[in-house]
Amino acid sequence: MKPVRVRFAPSPTGYLHVGGARTALFNWLYARQKGGTFVLRMEDTDEARNTDQARQTIFDGLRWLGLDADEGPEQGGPCAPYSQSERQSIYALAIAALKAKGVLYPCFCSRERMSALRTTQEANKLPYRYDRLCRSLAPDAIAARLAAGEVPAWRLFVPEGKTVLNDMVRGEITVEHADIEDIILVRGEGTPIYNLAVVIDDHTMGITHVLRGEDHLTNCFKQIIIFRAMGWEVPAYGHLPLILGPAGEGKLSKRKHPEAALEHYQVRDFHAEAFINWLVLIGWSFDDKTELMTRAELVERFSIERVNKSGARLNIEKLVSMSGDYIRRMDSASVRAKVCFHLVKAGLIAEPLSAESERKVTAIAAAEHERLKAFGDIVEMSRWAFADDLPMEEKALKNLKKDPGNALMLRDWAATLCDPLPDSATMEGAARAFCEARGVGFGQFVHPVRAALTGRTAGPPLFDCVKILGVQHSQHRLLRGADLAHSAAS
Ligand code: GLU
């Protein structure tokens, strides 16, 4: 058996589609399981869209997911270069061989002729397709036109017959060659179009298995015809089902769904292993029930046979819950490091961290560890803790002003706080005793206190909020809350 060589071949369009990330994952898992090689190839022939930033988005996305390539534009390797834009001399050689073998034939048809053809075909309700006129040009006629300086495009010579594809996912599919157009494969200026570059690359890079989105299924037959005509070994193909929008409403597209771009998840910073675990389950399952699997388990268990044929829907709630599960299982030091990273990035604290910031980060990480679903969420979850003058939520203000006794209660309770603060449970015990002594219910206490401390109605457990703010800030906010409550009462 030949060693497995698979590839991920994204076109740098400015973002990495989540379906592309899944294709990369499936290829990576397959390579790792078989002890094979995972190749990254940049399909960057569209110069207008091919910016460094677009390439970087792909590198960053794969790095975030831990899908390390064995060969690629960054790593190099025996089949370098790995960007199509740098492989023109390889294409030129292969194109010469294809012409010599008669796989390509020159087409001198003008734009005008082609548009007239289209008009006629449309009028006759026929699909628009090249009528193969130049196939019948005699060799000396071709030579004469070339000598006269005419520049042809080069078309695929589709022979008679049919092509049978034994797709690893979709099973056997047969296409009659009568239904395949003699498409242009080489432009007038000599550069290959997509379908040809892919074949030359897959051949020269020794790719044994091609796993890619099912949007490439129709291309596949043309590609196989080229492989066969050249006597090159055809790789095994598996076409993965499309990812559908969250409501199952057709293909997931960036225009309609921000969730189509991998960056969306990267910025929110879901737990990357949870993301992988979630992504693998879109269109694949191990046994229809097991969901939580480590990367090592996935490498062991992944199988192309269990990839679904039909489209799979994106289920964001499931990702949120899985990521929360993964984060809960993390140790507190790692969560704290992530929390710190995001708070610095958002500008809520600055490096080098002051002792006060260190303390605050530790308190926030401890308080939110259980509730955190994605690391980036921590910024909005804890903004309240950093600015004393944040506007209050309307409902919080209402809680504060509800009872005329609130002002005094807040002042009195503020006076009970002192350094060092005890743990949250002890603080709660003391607060309950405080309420009992005043004859107020605990519920009458917690809502105005939360409002005063955080300006919000929801957040971490109340006494964790006190820990996060520290004694001085807590007292300051309680007194400010008392003033607000007082102004309502008077
Ligand atoms: N470059 C193509 C894409 O981004 C993939 C080509 C292939 O996998 O054959 O859709």
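When a residue number appears, it is its place in the shown sequence, counting from 1.
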Side chains of [X] and [Y]: is there a donor and an acceptor less than 3.5 Å apart?
| X | Y | value |
| --- | --- | --- |
| Asp60 | Gln266 | no |
| Thr457 | Arg450 | no |
| Glu71 | Tyr82 | yes |
| His369 | Arg328 | no |
| Thr204 | Arg87 | yes |
| Gln84 | Asp44 | no |
| Arg187 | Thr191 | yes |

Within-4.5 Å side-chain heavy-atom neighbours: [X] and [Y]:
| X | Y | answer |
| --- | --- | --- |
| Leu165 | Cys220 | yes |
| Phe286 | Ser303 | no |
| Pro235 | Val6 | no |
| Ile207 | Arg7 | yes |
| Leu314 | Glu259 | yes |
| Ser83 | Arg55 | yes |
| Leu62 | Trp28 | no |
| Ser85 | Thr45 | no |

Looking at [X], I want to see if its [atom1] is surrounded by more than 12 non-hydrogen atoms of other residues, nucleotides or ligands under 6.0 Å.
| X | atom1 | value |
| --- | --- | --- |
| Asp423 | CG | yes |
| Gln56 | CD | yes |
| Glu214 | CD | yes |
| His447 | NE2 | no |
| Glu394 | CD | no |

Partner residues of Ala92 under the side-chain contact (heavy atoms from CB on, under 4.5 Å) criterion, sequence neighbours left out = none
query = Can you list the residues that meet the side-chain contact (heavy atoms from CB on, under 4.5 Å) rule with Ala247, with sequence neighbours excluded?
reply =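 Checked Ala247 against side-chain contact (heavy atoms from CB on, under 4.5 Å); matches are Glu249.
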query = Between Thr290 and Arg301, is a side-chain hydrogen bond (donor to acceptor under 3.5 Å, both in side chains) present by the stated rule, with each step listed?
reply = CA-CA 11 Å; Thr290 311; Arg301 296 174 183 177; 5.0 Å; no
message = Could you walk me through whether Arg63 and Glu74 satisfy the salt bridge (Lys or Arg N to Asp or Glu O under 4.0 Å) test, starting with their C-alpha distance in whole Å, then the side-chain angles of each, then the deciding distance to 0.1 Å, before giving a yes or no?
response = CA-CA 12 Å; Arg63 202 165 291 127; Glu74 289 184 309; 2.8 Å; yes
[X] and [Y] ion-paired at < 4.0 Å:
| X | Y | result |
| --- | --- | --- |
| Asp412 | Arg438 | yes |
| Glu233 | Lys2 | yes |
| Asp389 | Arg477 | no |
| Asp70 | Arg5 | no |
| Asp464 | Lys467 | no |
| Lys373 | Asp325 | no |
| Arg336 | Glu358 | yes |
| Arg432 | Glu436 | no |

To the nearest 0.5 angstrom, please state how far the [atom1] atom of [X] sits from the [atom2] atom of [Y].
| X | Y | atom1 | atom2 | value |
| --- | --- | --- | --- | --- |
| Ile243 | Ile282 | CD1 | CD1 | 4.5 Å |
| Leu400 | Asn406 | CG | CG | 6.5 Å |
| Lys395 | Leu397 | NZ | CG | 13.0 Å |
| Arg22 | Asn27 | CZ | CG | 11.0 Å |
| Ser354 | Arg359 | OG | CZ | 9.5 Å |
| Ser474 | Leu417 | OG | CG | 6.0 Å |

request  = Using atom types as modelled and distance alone, determine if a side-chain donor or acceptor of Gln444 lies under 3.5 Å from a backbone N or O of Gly441.
outcome  =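 Such a contact is found between Gln444 side chain and Gly441 backbone.
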inquiry  = With a 3.5 Å distance limit and no angle check, can you tell me whether Ser382 reaches the backbone of Ala385 through a side-chain donor-acceptor pair?
reply    =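 It does not hold such a pair.
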inquiry  = Suppose we screen for ring pair (Phe, Tyr, Trp, His ring centres under 6.0 Å). Which residues come up paired with Trp284, at least two apart in sequence or across chains?
reply    = Phe302
Where is the tightest heavy-atom contact between [X] and [Y], given as atom of each residue plus distance?
| X | Y | value |
| --- | --- | --- |
| Glu291 | Leu281 | O-CD1, 3.8 Å |
| Lys222 | Ile183 | CD-CD1, 3.5 Å |
| Trp413 | Val466 | CH2-CG2, 4.0 Å |
| Ala414 | Leu479 | CB-CD2, 4.3 Å |
| Tyr237 | His239 | CB-CE1, 3.9 Å |
| Pro461 | Ala367 | CD-O, 4.4 Å |

message = Under 6.0 Å between ring centres: does that hold for Trp278 and Tyr265?
response =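 Judged by ring-centre distance (under 6.0 Å), Trp278 and Tyr265 do meet the cut-off.
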query = Do the ring centers of Phe270 and His264 come within less than 6.0 Å of each other?
reply =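 No, too far apart.
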ask   = Where does the angle between the aromatic ring planes of Tyr326 and His271 fall among parallel (under 30°), tilted (30 to 60°) and perpendicular (over 60°)?
value =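 Tyr326 vs His271 ring planes: tilted.
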request  = Could you check whether the rings of Trp232 and His203 sit parallel, tilted or perpendicular, using 30° and 60° as the cut-offs?
outcome  = parallel
inquiry  = As a quick check of understanding, evaluate side chain to side chain contact (heavy atoms under 4.5 Å, CB included) for Asn308 and Val169, giving each step before the final call.
reply    = CA-CA 7 Å; Asn308 296 335; Val169 176; over 6 Å; no
task = Go through the steps for His216 and Tyr194 under the test ring-ring contact (aromatic ring centres under 6.0 Å, His included), then give the verdict.
result = CA-CA 11 Å; His216 291 289; Tyr194 161 76; 5.7 Å; yes
ask   = Stepwise, does the side chain to side chain contact (heavy atoms under 4.5 Å, CB included) test hold for Leu343 with Ile364?
value = CA-CA 10 Å; Leu343 295 180; Ile364 289 174; 4.2 Å; yes
task = Start with the C-alpha gap between Leu298 and Ile276, add the side-chain angles, then the distance that decides, and say whether side chain to side chain contact (heavy atoms under 4.5 Å, CB included) holds.
result = CA-CA 9 Å; Leu298 291 177; Ile276 288 277; 3.8 Å; yes
key: Axial cation check for Phe8 ring with Arg41, 6.0 Å and 45° limits   =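 Arg41 over Phe8 ring: no.
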